[in-house]
Amino acid sequence: QVQLVESGGGLVQAGGSLRLSCAASGRTFSTYVMGWFRQCPGKEREFVAAIRWSVGNTYYVDSVKGRFTISRDNAKTTVYLQMNSLKPEDTAVYYCAADRMLRTGYISRPSEYDYWGQGTQVTVSS
């Protein structure tokens, strides 16, 4: 059983920054993929970023490239999402997810992830 707990969400003005954290526990993450997704009411859960725990390879949706950075802290078994230059359209509930090593083509698919956090709200005001 993998447990994920997100934190760091909040209200920020457009152009500001926020760092989300996802603390993981329960299993080794040496071969895991950990990802960040976001969801707005009436929309499908959207892939934001992911990282391969063992090697640090990162992946991003085009809309956040250059603004968001995903990283990991091995000692704390925590993954972070540093969000800079935030825009109102970034407003969503952000979820942390994890699964065993996935092929690149499946990393962006929410249905491929077995473990999810409870979500943390990010609101960007204009």
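Side chains included, hydrogens not; waters and symmetry mates left out as well; all remaining heavy atoms used.
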Handout entry: Minimum side-chain heavy-atom gap Val48-Leu81 below 4.5 Å
Key =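 Heavy-atom side-chain distance check passes, below 4.5 Å.
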Handout entry: Test item: Val33 and Tyr59 side chains (from C-beta on) under 4.5 Å apart, heavy atoms
Key =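 Val33 does not reach Tyr59 side chain to side chain.
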For [X] and [Y], indicate whether the former's side chain and the latter's backbone hold a donor-acceptor pair under 3.5 Å.
{"X": "Thr91", "Y": "Pro88", "value": "yes"}
{"X": "Gln82", "Y": "Arg19", "value": "no"}
{"X": "Asp99", "Y": "Asp114", "value": "yes"}
{"X": "Gln13", "Y": "Val124", "value": "no"}
{"X": "Arg38", "Y": "Ala92", "value": "no"}

Practice task
Let me see the working for Phe37 and Trp116 under side-chain contact (heavy atoms from CB on, under 4.5 Å), right down to the final yes or no.
Solution key: CA-CA 10 Å; Phe37 294 78; Trp116 293 86; 3.6 Å; yes
Exercise for the section: Determine the sole option in Gln121, Met83, Glu6, Gln39 for which the side chain to side chain contact (heavy atoms under 4.5 Å, CB included) test with Tyr94 is passed. Expected result: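 The passing option is Met83.
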Handout entry: From CA spacing to verdict: side-chain contact (heavy atoms from CB on, under 4.5 Å), Cys96, Val79
Key = CA-CA 9 Å; Cys96 179; Val79 64; 3.9 Å; yes
Handout entry: hydrophobic_cluster_shared for Tyr80 and Leu4, side chain cutoff 4.5 Å
Key =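 In one cluster: no.
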If you measure from [atom1] on [X] to [atom2] on [Y], what distance do you get to the nearest 0.5 Å?
{"X": "Ser108", "Y": "Glu46", "atom1": "OG", "atom2": "CD", "result": "10.5 Å"}
{"X": "Lys76", "Y": "Ser25", "atom1": "NZ", "atom2": "OG", "result": "15.0 Å"}
{"X": "Gln118", "Y": "Gln3", "atom1": "CD", "atom2": "CD", "result": "11.0 Å"}
{"X": "Ser63", "Y": "Phe68", "atom1": "OG", "atom2": "CZ", "result": "7.5 Å"}
{"X": "Thr69", "Y": "Asn84", "atom1": "OG1", "atom2": "CG", "result": "6.5 Å"}
{"X": "Ile51", "Y": "Trp36", "atom1": "CD1", "atom2": "CH2", "result": "12.0 Å"}

Handout entry: Arg45 to Tyr95 six-membered ring, cation-pi geometry met (6.0 Å, 45°)
Key =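 Geometry flag: set, cation within 6.0 Å and 45°.
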Problem - Heavy-atom closest pair, residues Ala49 and Tyr60 - result: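 Looking at all heavy atoms of both residues, the closest pair is CB-CD2, 3.6 Å.
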Handout entry: For the student: nearest non-hydrogen atoms of Gly56 and Arg72, plus distance
Key =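 Heavy-atom minimum between the residues: CA-NH1, 3.3 Å.
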Handout entry: Verdict with reasoning, Thr120 to Val93, per side-chain contact (heavy atoms from CB on, under 4.5 Å)
Key = CA-CA 5 Å; Thr120 184; Val93 177; over 6 Å; no
Exercise for the section: Output yes when Arg67 and Asp90 qualify as a salt bridge under the 4.0 Å nitrogen-oxygen rule, no when they do not. Expected result: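 Here Arg67 pairs with Asp90 in a salt bridge, since their nearest N and O are under 4.0 Å apart.
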Problem - Flag for Tyr32-Arg52: side-chain donor and acceptor within less than 3.5 Å - result: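 Short answer, no.
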Problem - Full working for side-chain contact (heavy atoms from CB on, under 4.5 Å) between Val64 and Phe47 - result: CA-CA 10 Å; Val64 308; Phe47 170 76; over 6 Å; no
